[in-house]
J.: 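Supplied in structure tokens, the structure appears directly below.
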Amino acid sequence: MSFFMSVGRHESYERHGAKYPITPSGIADAWLSGPILEEQSAPVDVIYTSPLPRAKATAVARGMSIGCLNIIISEALHENAVPLDVLKFQKQTLSEAEAAGIKHIHLVTHQPVVSILGGSYSVPPGSIYLYKGESWQDIMQRRAEIMSLPSVERLLYVLQFEKPEAFDRMSVRYAGLTALAQEHGGSFESLLSAYAASNPKMIAAQRFSGRSR
């Protein structure tokens with residue numbers, strides 16, 4: 001049996017500052033990244049998030065996309081959290097997960113906290129680190145296998161061409177919905193446009209100008 005702790009930075013936002021939420025494209029990425037994350041691991045049981053708007057918006061969009069509305073706000077995931085408080089939070093949270101029989105917890109936070117928990121010191125918005133262990137103790141003591149999940153654009157490309165069965169499952173999940181992708185072109189738009197051409201009722205992409213991410 002495997003246990004998972006996924007730690008992700010919030011999605012993109014337009015301006016720096018604690019009060020700003022994520023952009024429309026950030027919401028779309030958060031919505032898409034939930035099912036992709038679960039394809040790489042296991043269903044998420046609980047989501048912990050920083051209290052800042054951009055993290056909470058990411059957590060809500062991602063949670064709604066996978067049907068996980070068990071979202072808990074924690075000051076220990078704030079971008080200015082003290083490292084010792086972050087590590088205490090991790091220890092307590094993993095201990096509670098073990099006692100409750102939880103298999104996967106997801107944390108939505110900021111670059112400084114991601115690095116404290118063992119991730120990179122340079123984390124693009126929306127990136128997720130996935131820790132897999134045979135027990136919660138393995139993850140706590142950093143004996144876990146670590147996978148770095150890249151951007152949604154790259155993950156969709158990989159799923160389509162390397163894991164078509166996973167891509168097909170996502171197609172069924174989003175059947176009947178329309179996705180609007182805000183991009184300046186590139187692989188993501190090309191992928192969605194190509195998919196829309198063959199499945200117009202499932203997903204559609206529209207290119208339009210806007211702020212760069």
Side-chain angles (χ1 to χ4, degrees), residues 6-17 20-41 43-44 47-50 52-69 71 77 79 104 106-111 113-114 119-120 122-130 147-163 166-167 169-175 177-196 199 202-213:
S6 50
V7 183
R9 187 181 175 192
H10 58 80
E11 295 290 354
S12 59
Y13 59 108
E14 291 190 5
R15 298 176 61 186
H16 291 283
Y20 296 106
I22 56 179
T23 62
S25 59
I27 294 173
D29 285 351
W31 185 274
L32 285 169
S33 63
I36 294 175
L37 170 62
E38 292 194 333
E39 285 288 350
Q40 307 295 318
S41 54
V44 174
I47 299 174
Y48 292 88
T49 179
S50 156
L52 297 185
R54 57 188 184 274
K56 289 194 294 184
T58 299
V60 170
R62 191 170 290 156
M64 289 179 66
S65 75
I66 56 178
C68 179
L69 300 181
I71 301 174
L77 297 177
E79 64 179 347
H104 187 174
H106 179 55
L107 313 181
V108 181
T109 182
H110 309 270
Q111 180 171 304
V113 178
V114 175
S120 170
S122 179
V123 186
S127 295
I128 297 174
Y129 283 86
L130 180 64
M147 179 190 305
S148 177
L149 304 185
S151 67
V152 166
E153 293 93 329
R154 174 60 184 161
L155 281 169
L156 280 173
Y157 183 88
V158 169
L159 284 179
Q160 184 189 31
F161 294 104
E162 298 182 14
K163 294 185 176 180
F167 196 79
R169 284 195 294 271
M170 288 187 64
S171 300
V172 172
R173 179 191 289 265
Y174 292 117
L177 299 180
T178 297
L180 181 63
Q182 180 182 359
E183 289 289 322
H184 287 280
S187 60
F188 187 39
E189 181 185 319
S190 299
L191 173 60
L192 289 181
S193 297
Y195 195 64
N199 298 271
M202 288 187 181
I203 191 165
Q206 173 66 47
R207 179 180 182 181
F208 61 95
S209 60
R211 289 179 179 271
S212 62
R213 296 171 60 191

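Any value given below was found using the heavy atoms of this structure, including those in side chains, with hydrogens, waters and symmetry copies removed.
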J.: When you measure from the side chain of Glu11 to the backbone N and O of Thr58, does any donor-acceptor pair fall under 3.5 Å?
T.: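 Side chain of Glu11 to backbone of Thr58: no pair is present.
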J.: Just to verify, what does Tyr129 make a ring pair (Phe, Tyr, Trp, His ring centres under 6.0 Å) with, not counting sequence neighbours?
T.: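 Ring pair (Phe, Tyr, Trp, His ring centres under 6.0 Å) list for Tyr129, sorted by chain: empty.
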J.: Quick one: do Met64 and Leu69 satisfy side-chain contact (heavy atoms from CB on, under 4.5 Å)? Show the steps, please.
T.: CA-CA 7 Å; Met64 289 179 66; Leu69 300 181; 4.0 Å; yes
J.: Taking all heavy atoms of Ser122 and all of Pro124, pick out the closest pair and write down the distance.
T.: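 That would be O-CD, 3.7 Å.
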J.: With rounding to the nearest 0.5 angstrom, report the CG to CD1 distance, Asp29 to Ile22.
T.: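 Interatomic distance, Asp29 CG to Ile22 CD1, rounded to 0.5 Å: 8.5 Å.
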J.: With side chains defined as the heavy atoms from C-beta onward, is the minimum distance between Ser65 and Pro35 less than 4.5 Å?
T.: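 Result yes, sub-4.5 Å side-chain heavy-atom pair found.
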J.: Before you tell me yes or no, could you show the steps for His106 and Ile66 under side-chain contact (heavy atoms from CB on, under 4.5 Å), namely the whole-Å CA-CA distance, both residues' side-chain angles and the distance that decides it to 0.1 Å?
T.: CA-CA 12 Å; His106 179 55; Ile66 56 178; over 6 Å; no
J.: How far apart are the closest heavy atoms of Val113 and Thr109, and which atoms are they?
T.: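 Taking every non-hydrogen atom into account, CB-OG1, 3.1 Å.
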J.: Got a second to check how far Ser6's OG is from Glu38's CD, nearest 0.5 Å?
T.: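 It is 9.0 Å, given to the nearest 0.5 Å.
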J.: Ignoring hydrogens and geometry, is there a side-chain-to-backbone donor-acceptor pair from Arg9 to Val123 under 3.5 Å?
T.: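 The answer is yes, because a donor-acceptor pair under 3.5 Å joins these two groups.
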J.: Who passes side-chain hydrogen bond (donor to acceptor under 3.5 Å, both in side chains) against Ser50, sequence neighbours left out?
T.: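 Once residues adjacent in sequence are excluded, the partners of Ser50 under the side-chain hydrogen bond (donor to acceptor under 3.5 Å, both in side chains) criterion are His110.
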J.: Between atom NE2 of His104 and atom CD1 of Ile47, what is the distance when rounded to the nearest 0.5 Å?
T.: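 Taking NE2 in His104 and CD1 in Ile47, the distance rounds to 9.0 Å.
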J.: After noting the C-alpha distance and the side-chain angles of Arg62 and Thr49, does the key distance pass the side-chain contact (heavy atoms from CB on, under 4.5 Å) rule?
T.: CA-CA 11 Å; Arg62 191 170 290 156; Thr49 179; over 6 Å; no
J.: Between Val108 and Leu77, is a side-chain contact (heavy atoms from CB on, under 4.5 Å) present by the stated rule, with each step listed?
T.: CA-CA 8 Å; Val108 181; Leu77 297 177; over 6 Å; no
